[in-house]
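Just so you know, ligand 1 is whichever comes first in the structure, and atom 1 is the first atom listed for that ligand. We count residues from 1, following the sequence as given.
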Amino acid sequence: MRQARCSVQCLHRNLSCFDRGAELEIEDLTLVKVSLPLHEGMWCRRLACLLGLPCWRSGRAGHGSLGLPRGTRTVPAAAARCHHTAPESLSCAWQLHGDHLELRYANTLMRFDFVWLRDHCRSASCYNAKTNQRSLDTASVDLGIKPKAVRVDETTLFLTWPDGHVTRYGLEWLVKNSYEGQKQRVMHPRILWNAEIYRQAQVPSVDCRSFLETDEGLKEFLQNFLLYGIAFVENVTPTKEDTQILAERISLIRETIYGRMWYFTSDFSRGDTAYTKLALDRHTDTTYFQEPCGIQVFHCLKHEGTGGRTLLVDGFYAAEQVLRQAPDQFELLSKVPLKHEYVENVGDCHNHMIGVGPVLNVYPWNNELYLIRYNNYDRAVINTVPYDVVHRWYTAHRTLTAELRRPENELWVKLKPGKALFIDNWRVLHGREAFTGYRQLCGCYLTRDDVLNTARLLGLQA
Ligand SMILES: C[N+](C)(C)CCCC[C@H](N)C(=O)O
Ligand SMILES: O=C(O)CCC(=O)C(=O)O
Ligand SMILES: [Fe+2]
């Protein structure tokens, strides 16, 4: 029998869904090697659950520990219950029930609806492998369909349908594509941070030339961006045109009411506080769009004066703290729909935008947080829930705000000409200190799908 080792790399802290096994990599079967760097508290507890190890409570309530010292430890694989494929579990067992097929493979118990099994058939007549599109008309499938015969060999499940059509599924494909397989995976591996974690990570800025001219440079940048929700490019020529070239290297620019590429100074040319010298508390932008802009690019072209530092806060880190302290409040923030609104009547600019959605947006199948809408300036009248829910919502909002405002969660940076900042506007909040003097920023918004597309084409999980 082959041997396997799970090597679990915990970069800094918990990733919100890291504990669901996404990062486990099996090398051989005898050892589970666990590297435990800083911040092992709650992370250990999750890891312990994942690996099926005992978890000893340490002095402080709510904190678990594997009982291992810092550093690398080795534990027997017998204790491990990774859901990932391990050779000894590669045998496949199945059972046909009245309305579904149960399949156990690679330590995963999967249940498949018969219509689903017919609908996802990858045979040439049902699926066009050239275009990766379904040809089968799903509406033509009998909703009471049931396979006539089922057979499994080492790698494949064979189903024969009443009309004689045969469907084949690779067992690995089923694990990857089943609900049970999905809910244990994360869409986006990420490292949640506070100022200390981010600083300690010493995430490098990527040089402009390497970003523009090499795949490695671009990939390094995107990996940083996906993990932390912020990333910097340095040595950029401080012009709007050069900033646009950067943006277009990774994405289509998302044109909005502010234009495609924008410049802004404190001239109140638009009816928004951003166009003043005032401080701006942490927030995400365009909460008043049905789909808030995915990414924001900032490049400070000029500042002759004082103040004006940029504030960055990882909204997912703060939300994770709310989830730990008060899961019911987290849930409320993820359920109560809210409106955000942009009403502008300045000069020739007349706009009225409304976006509806909860503060915390989670995928329903794995509870992964994917979007935070947080902008107290632009939040509209709450008229979507009754008074008692409103009160509980304000309490939950206060808890989240307290986390977002913890000084240790604040990363302050002074944007300078030459250094462009990309912010994941679905995750990281930004703000700014009041300033004096002439300050000019340029930038744009990017379409999230296109940034993720570029990342996937470079082989990153996005
Ligand atoms: C970035 N740029 C200056 C173009 C627009 C600023 C938009 C400000 C708005 N209150 C919001 O948060 O969405
Ligand atoms: O002036 C700044 O640094 C940022 C202002 C802001 O929040 C924005 O433009 O979205
Ligand atoms: Fe903003």
- prompt: Would Trp262 and Tyr258 satisfy ring pair (Phe, Tyr, Trp, His ring centres under 6.0 Å), going step by step from the backbone distance to the final call?
  reply: CA-CA 7 Å; Trp262 26 257; Tyr258 305 106; 7.4 Å; no
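- Counting only distance, with no hydrogens or angles, the side chain of Arg249 and the backbone of Phe211 share a donor-acceptor pair below 3.5 Å.
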- prompt: Can you check side-chain hydrogen bond (donor to acceptor under 3.5 Å, both in side chains) on His120 and Asn177, steps first, answer last?
  reply: CA-CA 10 Å; His120 291 80; Asn177 291 281; over 6 Å; no
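- Crowding of His350 atom NE2: a count of heavy atoms from other residues, nucleotides or ligands under 6.0 Å exceeding 12.
- Atoms of ligand 2 found under 4.0 Å from any heavy atom of Leu280, numbered from 1 in the order shown, are 5 (C), 6 (C), 7 (O).
- Of all atoms in ligand 2, numbered sequentially from 1 with element shown, those under 4.0 Å from a heavy atom of Phe264 are 1 (O), 5 (C), 9 (O).
- Residue Thr286 places at least one N or O, backbone or side chain, under 3.5 Å from an N or O of ligand 1.
- Counting only distance, with no hydrogens or angles, the side chain of Glu433 and the backbone of Arg309 share a donor-acceptor pair below 3.5 Å.
- Residue Leu415 does not touch ligand 2, judged by heavy-atom distances below 4.0 Å.
- In this pair, Tyr198 and Trp193 present their aromatic rings tilted. The plane angle is within the 30 to 60° band.
- Protein heavy atom at the shortest distance from atom 10 (O) of ligand 2 is Asp285 OD2, 2.7 Å.
- Residue contacts with ligand 1, taken as heavy atom pairs separated by less than 4.0 Å, involve Asp378 solely via side-chain atoms from C-beta onward.
- Per-residue contacts place Phe298 under 4.0 angstrom from the following atoms of ligand 2 (heavy atoms of the residue considered): 4 (C), 8 (C), 9 (O), 10 (O).
- For atom 5 (C) of ligand 1, the nearest non-hydrogen atom of the protein is Tyr445 OH, 3.6 Å.
- By the neighbour-count criterion of 12 heavy atoms within 6.0 Å, atom NZ of Lys176 is sparsely surrounded, having that number or fewer from other residues, nucleotides or ligands.
- For the atom pair CD of Gln182 and CE of Met187, the computed distance is 8.0 Å after rounding to the nearest 0.5 Å.
- Between Phe422 and Phe225, the two ring planes are perpendicular [angle over 60°; tilted spans 30° to 60°].
- Classified by interplanar angle (parallel below 30°, tilted 30° to 60°, perpendicular above 60°), the ring pair Phe435/His303 is perpendicular.
- Of the heavy atoms in Tyr263, none comes closer than 4.0 Å to ligand 1.
- For the pair Arg122 and Tyr127, the distance from NZ or CZ to the six-membered ring centre is under 6.0 Å and the angle to the ring normal is within 45 degrees.
- The nearest heavy-atom contact from the protein to atom 7 (C) of ligand 1 is Tyr258 OH, 3.4 Å.
- Against a heavy-atom cut-off of under 4.0 Å, His430 is close to the following atoms of ligand 2: 6 (C), 7 (O), 8 (C), 10 (O).
- Within ligand 2, counting atoms from 1 as listed, the ones closer than 4.0 Å to a heavy atom of Gln296 are 10 (O).
- Applying the 4.0 Å criterion to heavy atoms of Arg439 picks out, from ligand 2, the atoms 1 (O), 2 (C), 3 (O).
- Closer than 2.8 Å to the Fe ion (ligand 3) sit the protein N, O or S atoms His283 NE2, Asp285 OD1, His430 NE2.
- Remark: the backbone N or O of Asp113 is not paired with any side-chain donor or acceptor of Arg118 at under 3.5 angstrom.
- By the neighbour-count criterion of 12 heavy atoms within 6.0 Å, atom CZ of Arg209 is sparsely surrounded, having that number or fewer from other residues, nucleotides or ligands.
- Looking at Asn375 against ligand 1, only its side chain comes within 4.0 Å, counting heavy atoms.
- Close approach to His283 involves these atoms of ligand 2, each under 4.0 Å from a residue heavy atom: 7 (O).
- We find the CG-CZ distance between Leu429 and Phe316 to be 10.0 Å, quoted to the nearest 0.5 Å.
- Neither the backbone nor the side chain of Tyr342 comes within contact range of ligand 1; no heavy atom lies under 4.0 Å.
- At a 4.0 Å heavy-atom cut-off, ligand 1 touches Tyr288 through the side chain alone.
- Contacts between Gln296 and ligand 1, counted as non-hydrogen atom pairs separated by less than 4.0 Å, involve the side chain only.
- Counting heavy atoms under 4.0 Å from ligand 1, residue Asp272 touches it through the side chain alone.
- Between Trp262 and ligand 1, no pair of N/O atoms sits closer than 3.5 Å.
- If you check the side chains of Asn235 and Lys419, you find no donor sitting under 3.5 Å from an acceptor.
- A donor-acceptor contact shorter than 3.5 Å links the side chain of Asn375 to the backbone of Thr284.
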